[in-house]
Enquirer: 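Handing you a structure now.
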There are 2 protein chains.
Amino acid sequence: MRKEAIERRNEILDAADELFGQKGFDGTSTNEILEKVGIARGTLYYHFKSKEDIMDALIDRYNTQILGAANGIATDKSIPVHERIVRVVMALNVSGGNSKEIIDHIHKPQNALMHQKIQKVIINGLPPILTEIIREGIEQELFSTPYPYECMEMIVAYTNTVFDDDMVDLTDDERAARIPAFIFNVERLLGVESGSLMYMMKMFDGGNGGGGHGNDGG
Amino acid sequence: MRKEAIERRNEILDAADELFGQKGFDGTSTNEILEKVGIARGTLYYHFKSKEDIMDALIDRYNTQILGAANGIATDKSIPVHERIVRVVMALNVSGGNSKEIIDHIHKPQNALMHQKIQKVIINGLPPILTEIIREGIEQELFSTPYPYECMEMIVAYTNTVFDDDMVDLTDDERAARIPAFIFNVERLLGVESGSLMYMMKMFDGGNGGGGHGNDGG
DNA sequence: TTTTATCGACAGACAGTCGGTCTAATGAAG
DNA sequence: CTTCATTAGACCGACTGTCTGTCGATAAAA
(Lines give C-alpha, C1' and ligand atoms only; values in the text may rest on other atoms or scores of the structure.)
Protein backbone atom coordinates (compact mmCIF):
# COMPACT_ATOMS: atom_id res chain seq x y z
CA MET A 1 0.00 0.00 0.00
CA ARG A 2 2.47 2.61 1.07
CA LYS A 3 5.58 2.77 -1.08
CA GLU A 4 8.77 4.67 -1.68
CA ALA A 5 8.19 7.80 -3.72
CA ILE A 6 10.45 6.69 -6.56
CA GLU A 7 8.73 3.34 -6.81
CA ARG A 8 5.29 4.92 -6.99
CA ARG A 9 6.52 7.43 -9.50
CA ASN A 10 7.68 4.63 -11.73
CA GLU A 11 4.44 2.73 -11.33
CA ILE A 12 2.59 5.82 -12.46
CA LEU A 13 4.96 6.34 -15.35
CA ASP A 14 4.62 2.73 -16.43
CA ALA A 15 0.84 2.97 -16.42
CA ALA A 16 0.88 6.29 -18.25
CA ASP A 17 3.35 4.92 -20.75
CA GLU A 18 1.04 2.11 -21.67
CA LEU A 19 -2.13 4.18 -21.70
CA PHE A 20 -0.63 7.06 -23.68
CA GLY A 21 0.64 4.52 -26.13
CA GLN A 22 -2.78 2.98 -26.52
CA LYS A 23 -5.03 6.02 -26.45
CA GLY A 24 -2.78 9.03 -26.74
CA PHE A 25 -2.11 11.77 -24.23
CA ASP A 26 -5.34 13.68 -24.72
CA GLY A 27 -7.33 10.48 -24.94
CA THR A 28 -6.10 9.26 -21.58
CA SER A 29 -7.66 10.69 -18.45
CA THR A 30 -5.83 10.98 -15.18
CA ASN A 31 -8.55 8.80 -13.73
CA GLU A 32 -7.57 5.97 -15.99
CA ILE A 33 -3.98 6.31 -14.93
CA LEU A 34 -4.68 6.28 -11.23
CA GLU A 35 -7.18 3.44 -11.56
CA LYS A 36 -4.60 1.40 -13.42
CA VAL A 37 -2.04 2.02 -10.70
CA GLY A 38 -4.65 1.58 -8.00
CA ILE A 39 -4.13 4.88 -6.19
CA ALA A 40 -6.22 7.90 -5.35
CA ARG A 41 -6.29 11.23 -7.15
CA GLY A 42 -4.36 12.96 -4.44
CA THR A 43 -1.56 10.45 -4.66
CA LEU A 44 -1.11 11.06 -8.34
CA TYR A 45 -0.84 14.76 -7.74
CA TYR A 46 1.43 14.22 -4.80
CA HIS A 47 3.98 12.69 -7.16
CA PHE A 48 3.35 14.80 -10.24
CA LYS A 49 2.32 18.38 -10.41
CA SER A 50 0.23 17.99 -13.55
CA LYS A 51 -0.69 15.61 -16.30
CA GLU A 52 1.81 17.25 -18.59
CA ASP A 53 4.41 16.78 -15.89
CA ILE A 54 3.83 13.04 -16.23
CA MET A 55 4.41 13.27 -19.95
CA ASP A 56 7.60 15.26 -19.45
CA ALA A 57 8.91 12.69 -17.01
CA LEU A 58 8.06 10.00 -19.51
CA ILE A 59 9.95 11.88 -22.18
CA ASP A 60 12.95 12.15 -19.89
CA ARG A 61 12.93 8.39 -19.66
CA TYR A 62 12.74 8.09 -23.41
CA ASN A 63 15.57 10.58 -23.80
CA THR A 64 17.84 8.56 -21.64
CA GLN A 65 16.94 5.38 -23.43
CA ILE A 66 17.09 6.72 -26.97
CA LEU A 67 20.23 8.82 -26.65
CA GLY A 68 21.85 6.17 -24.46
CA ALA A 69 21.31 3.55 -27.12
CA ALA A 70 22.58 5.92 -29.78
CA ASN A 71 25.64 6.71 -27.75
CA GLY A 72 26.32 3.06 -27.13
CA ILE A 73 26.46 2.36 -30.82
CA ALA A 74 28.28 5.56 -31.66
CA THR A 75 31.17 4.89 -29.34
CA ASP A 76 31.58 1.25 -30.26
CA LYS A 77 34.79 1.49 -32.22
CA SER A 78 34.63 -2.17 -33.16
CA ILE A 79 31.95 -1.29 -35.68
CA PRO A 80 33.17 0.36 -38.91
CA VAL A 81 32.38 4.04 -39.17
CA HIS A 82 30.00 3.65 -42.09
CA GLU A 83 27.95 1.07 -40.36
CA ARG A 84 27.80 2.90 -37.09
CA ILE A 85 26.06 5.85 -38.65
CA VAL A 86 23.37 3.78 -40.28
CA ARG A 87 22.85 1.80 -37.14
CA VAL A 88 22.42 4.89 -35.00
CA VAL A 89 19.93 6.40 -37.40
CA MET A 90 18.20 3.11 -37.98
CA ALA A 91 17.79 2.47 -34.30
CA LEU A 92 15.31 5.31 -34.32
CA ASN A 93 13.57 5.13 -37.63
CA VAL A 94 13.71 1.96 -39.55
CA SER A 95 14.92 -1.09 -37.76
CA GLY A 96 13.46 -2.93 -34.83
CA GLY A 97 15.65 -1.56 -32.09
CA ASN A 98 14.60 -0.85 -28.53
CA SER A 99 13.88 2.77 -29.18
CA LYS A 100 11.86 1.89 -32.23
CA GLU A 101 9.04 0.81 -29.98
CA ILE A 102 9.08 4.13 -28.25
CA ILE A 103 8.99 5.94 -31.54
CA ASP A 104 6.12 3.82 -32.76
CA HIS A 105 4.37 4.51 -29.51
CA ILE A 106 4.70 8.17 -30.13
CA HIS A 107 3.42 8.05 -33.65
CA LYS A 108 -0.20 7.90 -32.71
CA PRO A 109 -2.21 10.79 -34.09
CA GLN A 110 -3.31 11.93 -30.65
CA ASN A 111 0.22 12.31 -29.40
CA ALA A 112 1.20 15.41 -31.28
CA LEU A 113 2.72 17.19 -28.31
CA MET A 114 4.66 14.16 -27.14
CA HIS A 115 5.75 13.52 -30.68
CA GLN A 116 7.03 17.06 -30.96
CA LYS A 117 8.90 16.85 -27.70
CA ILE A 118 10.60 13.60 -28.67
CA GLN A 119 11.47 14.99 -32.07
CA LYS A 120 13.07 17.93 -30.34
CA VAL A 121 15.20 15.64 -28.22
CA ILE A 122 16.30 13.71 -31.28
CA ILE A 123 17.03 16.67 -33.51
CA ASN A 124 19.08 18.27 -30.75
CA GLY A 125 20.62 15.21 -29.22
CA LEU A 126 21.45 12.96 -32.12
CA PRO A 127 23.53 15.19 -34.41
CA PRO A 128 26.24 15.78 -31.78
CA ILE A 129 26.59 12.03 -31.34
CA LEU A 130 26.69 11.40 -35.07
CA THR A 131 29.06 14.27 -35.67
CA GLU A 132 31.67 12.52 -33.59
CA ILE A 133 31.44 9.49 -35.84
CA ILE A 134 31.74 11.67 -38.91
CA ARG A 135 34.84 13.35 -37.54
CA GLU A 136 36.33 9.95 -37.05
CA GLY A 137 35.41 9.15 -40.64
CA ILE A 138 36.99 12.37 -41.84
CA GLU A 139 40.21 11.51 -40.04
CA GLN A 140 40.18 8.15 -41.76
CA GLU A 141 39.56 10.04 -45.00
CA LEU A 142 36.33 8.18 -45.55
CA PHE A 143 34.27 11.34 -45.60
CA SER A 144 34.88 14.88 -46.59
CA THR A 145 32.73 17.75 -45.45
CA PRO A 146 33.44 21.10 -43.85
CA TYR A 147 30.11 20.96 -42.04
CA PRO A 148 29.78 17.56 -40.36
CA TYR A 149 27.31 18.81 -37.81
CA GLU A 150 24.91 20.47 -40.20
CA CYS A 151 25.23 17.44 -42.43
CA MET A 152 24.05 15.17 -39.68
CA GLU A 153 21.39 17.60 -38.69
CA MET A 154 20.00 17.43 -42.17
CA ILE A 155 20.06 13.67 -42.25
CA VAL A 156 18.39 13.37 -38.89
CA ALA A 157 15.76 15.96 -39.78
CA TYR A 158 15.05 14.06 -42.95
CA THR A 159 14.74 10.60 -41.52
CA ASN A 160 12.66 11.87 -38.64
CA THR A 161 10.25 13.53 -41.00
CA VAL A 162 10.00 11.30 -44.03
CA PHE A 163 10.30 7.96 -42.33
CA ASP A 164 7.65 9.10 -39.90
CA ASP A 165 4.33 7.42 -40.54
CA ASP A 166 2.42 10.44 -39.37
CA MET A 167 4.06 12.96 -41.61
CA VAL A 168 4.40 11.30 -44.97
CA ASP A 169 2.05 8.60 -46.07
CA LEU A 170 4.17 6.06 -47.88
CA THR A 171 3.37 2.52 -48.84
CA ASP A 172 6.03 -0.02 -48.04
CA ASP A 173 7.15 0.05 -51.65
CA GLU A 174 7.38 3.82 -51.71
CA ARG A 175 9.36 3.81 -48.53
CA ALA A 176 11.70 1.20 -49.95
CA ALA A 177 12.11 3.33 -53.07
CA ARG A 178 13.19 6.27 -50.92
CA ILE A 179 16.16 4.41 -49.55
CA PRO A 180 18.52 4.40 -52.56
CA ALA A 181 17.71 8.07 -53.09
CA PHE A 182 18.42 8.74 -49.47
CA ILE A 183 21.73 6.91 -49.60
CA PHE A 184 22.68 8.75 -52.75
CA ASN A 185 21.97 12.08 -51.10
CA VAL A 186 23.89 11.12 -48.00
CA GLU A 187 26.85 10.20 -50.18
CA ARG A 188 26.81 13.64 -51.69
CA LEU A 189 26.47 15.34 -48.33
CA LEU A 190 29.36 13.38 -46.88
CA GLY A 191 31.47 13.93 -49.97
CA VAL A 192 32.06 10.28 -50.86
CA GLU A 193 32.01 8.70 -54.25
CA SER A 194 28.62 7.80 -55.63
CA GLY A 195 27.72 4.20 -54.89
CA SER A 196 30.20 3.69 -52.11
CA LEU A 197 27.51 3.58 -49.46
CA MET A 198 25.01 1.62 -51.49
CA TYR A 199 26.04 -1.59 -49.84
CA MET A 200 24.13 -0.27 -46.85
CA MET A 201 20.90 -1.03 -48.61
CA LYS A 202 21.01 -4.49 -47.18
CA MET A 203 21.05 -3.08 -43.66
CA PHE A 204 17.78 -1.33 -44.29
CA ASP A 205 16.26 -4.39 -45.86
CA GLY A 206 17.44 -6.59 -43.07
CA GLY A 207 16.43 -4.33 -40.24
CA ASN A 208 13.15 -3.68 -41.91
CA GLY A 209 12.10 -7.26 -42.31
CA GLY A 210 11.54 -6.77 -46.02
CA GLY A 211 8.73 -4.31 -45.77
CA GLY A 212 8.43 -1.43 -43.47
CA HIS A 213 6.23 -0.54 -40.60
CA GLY A 214 3.25 -2.67 -41.43
CA ASN A 215 3.20 -6.35 -42.23
CA ASP A 216 5.96 -7.43 -44.50
CA GLY A 217 5.28 -7.44 -48.21
CA GLY A 218 4.98 -10.90 -49.70
CA MET B 1 -27.50 39.53 -36.50
CA ARG B 2 -28.65 36.73 -38.71
CA LYS B 3 -26.16 35.97 -41.46
CA GLU B 4 -25.36 33.63 -44.31
CA ALA B 5 -23.77 30.41 -43.15
CA ILE B 6 -20.56 31.00 -45.07
CA GLU B 7 -20.16 34.45 -43.63
CA ARG B 8 -20.65 33.23 -40.07
CA ARG B 9 -18.28 30.38 -40.67
CA ASN B 10 -15.63 32.82 -41.75
CA GLU B 11 -16.26 35.09 -38.77
CA ILE B 12 -15.76 32.12 -36.50
CA LEU B 13 -12.63 31.08 -38.34
CA ASP B 14 -11.23 34.61 -38.16
CA ALA B 15 -11.83 34.75 -34.43
CA ALA B 16 -10.39 31.30 -33.88
CA ASP B 17 -7.39 32.17 -36.04
CA GLU B 18 -6.54 35.12 -33.85
CA LEU B 19 -7.21 33.40 -30.55
CA PHE B 20 -5.33 30.22 -31.45
CA GLY B 21 -2.45 32.42 -32.55
CA GLN B 22 -2.42 34.26 -29.25
CA LYS B 23 -3.12 31.48 -26.80
CA GLY B 24 -2.85 28.25 -28.73
CA PHE B 25 -5.48 25.69 -29.51
CA ASP B 26 -5.62 24.09 -26.10
CA GLY B 27 -5.38 27.45 -24.42
CA THR B 28 -8.41 28.81 -26.21
CA SER B 29 -11.87 27.79 -25.02
CA THR B 30 -14.84 27.59 -27.33
CA ASN B 31 -16.45 30.18 -25.05
CA GLU B 32 -13.76 32.68 -25.93
CA ILE B 33 -14.35 32.09 -29.59
CA LEU B 34 -18.08 32.52 -29.47
CA GLU B 35 -17.82 35.56 -27.22
CA LYS B 36 -15.41 37.15 -29.64
CA VAL B 37 -17.76 36.52 -32.54
CA GLY B 38 -20.76 37.47 -30.41
CA ILE B 39 -22.76 34.33 -30.92
CA ALA B 40 -24.19 31.63 -28.70
CA ARG B 41 -22.80 28.18 -28.06
CA GLY B 42 -25.35 26.50 -30.22
CA THR B 43 -24.49 28.66 -33.16
CA LEU B 44 -20.87 27.66 -33.01
CA TYR B 45 -21.82 24.02 -33.02
CA TYR B 46 -24.34 24.63 -35.75
CA HIS B 47 -21.51 25.65 -38.04
CA PHE B 48 -18.79 23.33 -36.79
CA LYS B 49 -19.13 19.87 -35.41
CA SER B 50 -16.30 20.19 -32.91
CA LYS B 51 -13.46 22.38 -31.79
CA GLU B 52 -11.02 20.31 -33.78
CA ASP B 53 -13.26 20.75 -36.80
CA ILE B 54 -12.62 24.48 -36.50
CA MET B 55 -8.90 23.86 -36.48
CA ASP B 56 -9.11 21.62 -39.53
CA ALA B 57 -11.05 24.25 -41.44
CA LEU B 58 -8.42 26.78 -40.42
CA ILE B 59 -5.69 24.51 -41.69
CA ASP B 60 -7.50 24.15 -45.00
CA ARG B 61 -7.36 27.90 -45.32
CA TYR B 62 -3.64 27.88 -44.53
CA ASN B 63 -3.03 25.14 -47.06
CA THR B 64 -4.57 27.13 -49.83
CA GLN B 65 -2.66 30.22 -48.84
CA ILE B 66 0.73 28.59 -48.28
CA LEU B 67 0.77 26.28 -51.26
CA GLY B 68 -0.87 28.92 -53.43
CA ALA B 69 1.88 31.38 -52.60
CA ALA B 70 4.52 28.73 -53.19
CA ASN B 71 2.99 27.83 -56.53
CA GLY B 72 2.79 31.46 -57.56
CA ILE B 73 6.51 31.89 -57.07
CA ALA B 74 7.38 28.49 -58.50
CA THR B 75 5.67 29.10 -61.80
CA ASP B 76 6.96 32.62 -62.29
CA LYS B 77 9.42 31.99 -65.07
CA SER B 78 10.63 35.57 -64.99
CA ILE B 79 12.58 34.74 -61.84
CA PRO B 80 15.80 32.78 -62.36
CA VAL B 81 15.62 29.18 -61.26
CA HIS B 82 18.13 29.55 -58.43
CA GLU B 83 16.26 32.41 -56.93
CA ARG B 84 12.86 30.84 -57.23
CA ILE B 85 13.86 27.92 -55.05
CA VAL B 86 15.16 30.09 -52.28
CA ARG B 87 12.15 32.31 -52.45
CA VAL B 88 9.73 29.43 -52.20
CA VAL B 89 11.54 27.96 -49.23
CA MET B 90 12.08 31.34 -47.65
CA ALA B 91 8.43 32.27 -47.96
CA LEU B 92 7.81 29.63 -45.34
CA ASN B 93 10.76 29.72 -43.08
CA VAL B 94 12.92 32.75 -43.05
CA SER B 95 11.68 35.82 -44.77
CA GLY B 96 8.69 37.96 -44.02
CA GLY B 97 6.28 36.61 -46.57
CA ASN B 98 2.55 36.25 -46.15
CA SER B 99 2.72 32.67 -45.07
CA LYS B 100 5.47 33.49 -42.60
CA GLU B 101 2.86 34.99 -40.30
CA ILE B 102 0.89 31.79 -40.41
CA ILE B 103 3.98 29.78 -39.63
CA ASP B 104 4.91 32.06 -36.75
CA HIS B 105 1.35 31.76 -35.54
CA ILE B 106 1.67 28.05 -35.51
CA HIS B 107 4.93 28.01 -33.65
CA LYS B 108 3.42 28.56 -30.24
CA PRO B 109 4.19 25.76 -27.83
CA GLN B 110 0.51 25.01 -27.28
CA ASN B 111 -0.16 24.40 -30.95
CA ALA B 112 1.57 21.07 -31.34
CA LEU B 113 -1.27 19.41 -33.19
CA MET B 114 -1.83 22.33 -35.53
CA HIS B 115 1.89 22.60 -36.03
CA GLN B 116 2.07 18.96 -36.99
CA LYS B 117 -0.81 19.22 -39.39
CA ILE B 118 0.70 22.23 -41.13
CA GLN B 119 4.09 20.53 -41.28
CA LYS B 120 2.43 17.60 -42.94
CA VAL B 121 0.91 19.84 -45.58
CA ILE B 122 4.27 21.42 -46.24
CA ILE B 123 6.35 18.26 -46.37
CA ASN B 124 3.86 16.68 -48.74
CA GLY B 125 2.88 19.73 -50.75
CA LEU B 126 6.07 21.67 -51.22
CA PRO B 127 8.51 19.14 -52.69
CA PRO B 128 6.34 18.51 -55.78
CA ILE B 129 6.27 22.24 -56.45
CA LEU B 130 9.99 22.59 -55.93
CA THR B 131 10.78 19.51 -57.95
CA GLU B 132 9.33 21.18 -61.03
CA ILE B 133 11.74 24.05 -60.58
CA ILE B 134 14.62 21.66 -60.18
CA ARG B 135 13.71 19.82 -63.35
CA GLU B 136 13.77 23.14 -65.14
CA GLY B 137 17.19 23.75 -63.64
CA ILE B 138 18.38 20.34 -64.75
CA GLU B 139 17.25 21.08 -68.31
CA GLN B 140 19.20 24.30 -68.16
CA GLU B 141 22.14 22.26 -66.88
CA LEU B 142 22.23 24.32 -63.72
CA PHE B 143 21.69 21.33 -61.49
CA SER B 144 22.46 17.69 -61.68
CA THR B 145 20.75 15.10 -59.59
CA PRO B 146 19.02 11.81 -60.33
CA TYR B 147 16.68 12.35 -57.38
CA PRO B 148 15.25 15.85 -57.59
CA TYR B 149 12.20 14.99 -55.56
CA GLU B 150 14.00 13.37 -52.66
CA CYS B 151 16.49 16.20 -52.77
CA MET B 152 13.76 18.75 -52.26
CA GLU B 153 12.12 16.61 -49.67
CA MET B 154 15.33 16.66 -47.70
CA ILE B 155 15.71 20.39 -47.98
CA VAL B 156 12.14 21.05 -46.97
CA ALA B 157 12.36 18.63 -44.06
CA TYR B 158 15.52 20.35 -42.93
CA THR B 159 14.34 23.93 -43.10
CA ASN B 160 11.06 23.04 -41.51
CA THR B 161 12.83 21.42 -38.62
CA VAL B 162 15.92 23.44 -37.98
CA PHE B 163 14.61 26.87 -38.82
CA ASP B 164 11.67 26.15 -36.57
CA ASP B 165 11.88 28.04 -33.30
CA ASP B 166 10.14 25.27 -31.43
CA MET B 167 12.41 22.47 -32.50
CA VAL B 168 15.90 23.85 -32.32
CA ASP B 169 16.81 26.65 -29.99
CA LEU B 170 19.15 28.88 -31.93
CA THR B 171 20.23 32.40 -31.22
CA ASP B 172 20.10 34.77 -34.15
CA ASP B 173 23.84 34.33 -34.58
CA GLU B 174 23.63 30.57 -34.53
CA ARG B 175 20.84 30.64 -37.05
CA ALA B 176 22.88 32.94 -39.27
CA ALA B 177 25.83 30.57 -38.97
CA ARG B 178 23.67 27.70 -40.20
CA ILE B 179 22.99 29.42 -43.49
CA PRO B 180 26.35 29.02 -45.25
CA ALA B 181 26.43 25.41 -44.12
CA PHE B 182 22.92 24.93 -45.42
CA ILE B 183 23.78 26.46 -48.77
CA PHE B 184 26.88 24.34 -49.00
CA ASN B 185 24.88 21.20 -48.39
CA VAL B 186 22.24 22.22 -50.89
CA GLU B 187 24.98 22.74 -53.46
CA ARG B 188 26.16 19.22 -52.92
CA LEU B 189 22.67 17.79 -53.10
CA LEU B 190 21.91 19.61 -56.32
CA GLY B 191 25.26 18.69 -57.78
CA VAL B 192 26.53 22.20 -58.43
CA GLU B 193 30.00 23.54 -57.88
CA SER B 194 30.84 24.61 -54.35
CA GLY B 195 30.25 28.30 -53.85
CA SER B 196 28.01 28.79 -56.82
CA LEU B 197 24.94 29.32 -54.66
CA MET B 198 26.66 31.32 -51.97
CA TYR B 199 25.48 34.55 -53.49
CA MET B 200 22.12 33.62 -52.08
CA MET B 201 23.33 34.49 -48.63
CA LYS B 202 22.23 38.04 -49.22
CA MET B 203 18.68 36.87 -49.80
CA PHE B 204 18.58 35.37 -46.38
CA ASP B 205 20.11 38.43 -44.78
CA GLY B 206 17.74 40.72 -46.55
CA GLY B 207 14.63 38.75 -45.87
CA ASN B 208 15.70 38.19 -42.36
CA GLY B 209 16.23 41.83 -41.42
CA GLY B 210 19.68 41.05 -40.08
CA GLY B 211 18.60 38.75 -37.32
CA GLY B 212 16.01 36.10 -37.25
CA HIS B 213 12.70 35.59 -35.65
CA GLY B 214 13.10 37.86 -32.66
CA ASN B 215 14.35 41.42 -32.59
CA ASP B 216 17.31 41.99 -34.82
CA GLY B 217 20.72 41.50 -33.32
CA GLY B 218 22.69 44.73 -32.88
C1' DT C 1 6.57 14.37 16.82
C1' DT C 2 7.67 15.29 12.40
C1' DT C 3 7.84 13.81 7.84
C1' DT C 4 6.22 11.26 4.04
C1' DA C 5 2.71 9.07 1.49
C1' DT C 6 -2.10 8.43 0.81
C1' DC C 7 -6.92 9.37 0.44
C1' DG C 8 -11.32 11.09 -1.69
C1' DA C 9 -14.58 14.80 -1.71
C1' DC C 10 -14.79 18.90 -4.06
C1' DA C 11 -14.36 23.11 -7.08
C1' DG C 12 -13.89 25.11 -11.44
C1' DA C 13 -13.75 24.83 -16.25
C1' DC C 14 -14.76 22.98 -20.46
C1' DA C 15 -16.74 20.55 -24.82
C1' DG C 16 -20.57 19.19 -26.79
C1' DT C 17 -26.04 18.48 -26.75
C1' DC C 18 -30.78 19.54 -27.20
C1' DG C 19 -35.22 21.50 -27.22
C1' DG C 20 -36.86 25.52 -28.49
C1' DT C 21 -37.00 30.38 -30.85
C1' DC C 22 -36.62 33.77 -34.37
C1' DT C 23 -36.67 35.32 -39.14
C1' DA C 24 -37.01 35.48 -43.97
C1' DA C 25 -38.87 33.43 -47.84
C1' DT C 26 -42.52 31.04 -50.17
C1' DG C 27 -46.94 30.39 -51.58
C1' DA C 28 -51.70 29.87 -51.33
C1' DA C 29 -56.12 31.94 -50.04
C1' DG C 30 -58.81 35.98 -49.54
C1' DC D 1 -52.26 43.28 -53.46
C1' DT D 2 -52.68 41.70 -48.89
C1' DT D 3 -52.72 38.24 -45.32
C1' DC D 4 -51.75 34.24 -43.08
C1' DA D 5 -49.72 29.52 -42.71
C1' DT D 6 -45.71 26.82 -43.48
C1' DT D 7 -41.02 25.75 -43.74
C1' DA D 8 -36.13 25.63 -43.32
C1' DG D 9 -32.11 27.67 -41.97
C1' DA D 10 -29.75 30.32 -38.41
C1' DC D 11 -29.53 30.99 -33.72
C1' DC D 12 -30.01 30.64 -28.61
C1' DG D 13 -28.57 29.28 -23.82
C1' DA D 14 -29.38 26.13 -20.15
C1' DC D 15 -27.78 21.70 -19.14
C1' DT D 16 -24.89 17.30 -18.86
C1' DG D 17 -21.05 14.65 -18.20
C1' DT D 18 -16.25 14.70 -17.89
C1' DC D 19 -11.93 16.18 -16.67
C1' DT D 20 -7.97 18.38 -14.16
C1' DG D 21 -6.16 20.03 -10.21
C1' DT D 22 -6.82 21.30 -4.92
C1' DC D 23 -7.19 20.63 -0.05
C1' DG D 24 -7.77 19.12 4.50
C1' DA D 25 -7.80 14.88 6.80
C1' DT D 26 -5.40 10.62 7.80
C1' DA D 27 -2.27 6.75 8.26
C1' DA D 28 2.35 4.95 8.42
C1' DA D 29 7.13 5.43 8.94
C1' DA D 30 11.27 7.75 10.95
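Protein chains get the first letters and strands the later ones, always in sequence-line order, with residue 1 at the start of each.
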Enquirer: Please report the distance, rounded to the nearest Å, between CG in B/N31 and P in D/dG13.
Expert: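 For the pair B/N31 CG and D/dG13 P, the rounded distance is 12 Å.
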Enquirer: Measure the distance from CD1 on A/I12 to P on D/dG21 and round it to the nearest whole Å.
Expert: 14 Å
Enquirer: Is the backbone of B/L13 close enough, under 3.5 Å, to the side chain of B/D17 for a donor and an acceptor to pair up by distance?
Expert: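 Flag not set: sc B/D17 to bb B/L13 has no pair under 3.5 Å.
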Enquirer: Just the rounded figure in Å: distance from P of C/dT23 to CZ of B/R8.
Expert: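 These atoms are roughly 14 Å apart.
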Enquirer: I'd like to know if the side chain of B/K51 reaches the main chain of B/T28, judged simply by a donor and an acceptor atom lying under 3.5 Å from each other, with no hydrogens or angles considered.
Expert: yes
Enquirer: Strictly distance-based, threshold 3.5 Å: is any side-chain N or O of B/E18 a donor or acceptor partner for the main-chain N or O of B/A15?
Expert: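 Answer holds: no.
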Enquirer: Check the distance between D/dA28's P and A/E4's CD and give it to me in whole angstrom.
Expert: 16 Å
Enquirer: Considering residues at least two apart in sequence or located in another chain, which fulfil the salt bridge (charged side-chain N to carboxylate O under 4.0 Å, His left out) criterion with B/D76?
Expert: none
Enquirer: Tell me whether the side-chain N/O atoms of A/R2 come closer than 4.0 Å to OP1 or OP2 in D/dA29.
Expert: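 Looking at the OP1 and OP2 atoms of D/dA29, neither is under 4.0 Å from any side-chain N or O of A/R2.
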Enquirer: Please report, rounded to the nearest Å, how far the P atom of D/dG21 is from the CG atom of B/D26.
Expert: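 Taking atom P of D/dG21 as the reference, CG of B/D26 is at 12 Å.
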Enquirer: Would you mind reading off the distance between A/R9 atom CZ and C/dT6 atom P, rounded to a whole angstrom?
Expert: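 Between P of C/dT6 and CZ of A/R9: 13 Å.
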Enquirer: Decide yes or no for B/I33 and B/L19: does some side-chain heavy atom of the first lie under 4.5 Å from some side-chain heavy atom of the second?
Expert: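 In contact.
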Enquirer: Taking only side-chain nitrogens and oxygens of A/T30, does any of them come within less than 4.0 Å of OP1 or OP2 of D/dT20?
Expert: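 For A/T30, the contact criterion (side-chain N or O under 4.0 Å from OP1 or OP2 of D/dT20) is met.
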Enquirer: Listed in order of residue number, which residues of residues 40-51 of chain B have a non-hydrogen atom at under 4.0 Å from DNA chain D?
Expert: B/A40, B/R41, B/G42, B/T43, B/Y46, B/H47
Enquirer: Once you round it to whole Å, what is the distance between P of C/dC22 and CD1 of B/I39?
Expert: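 Atom-to-atom, B/I39 to C/dC22, this comes out as 19 Å.
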Enquirer: Report yes if the side chains of A/F182 and A/I155 come closer than 4.5 Å at any heavy-atom pair, otherwise no.
Expert: yes
Enquirer: Let me know the distance between CG of B/L34 and C1' of D/dA14, rounded to the nearest Å.
Expert: 14 Å
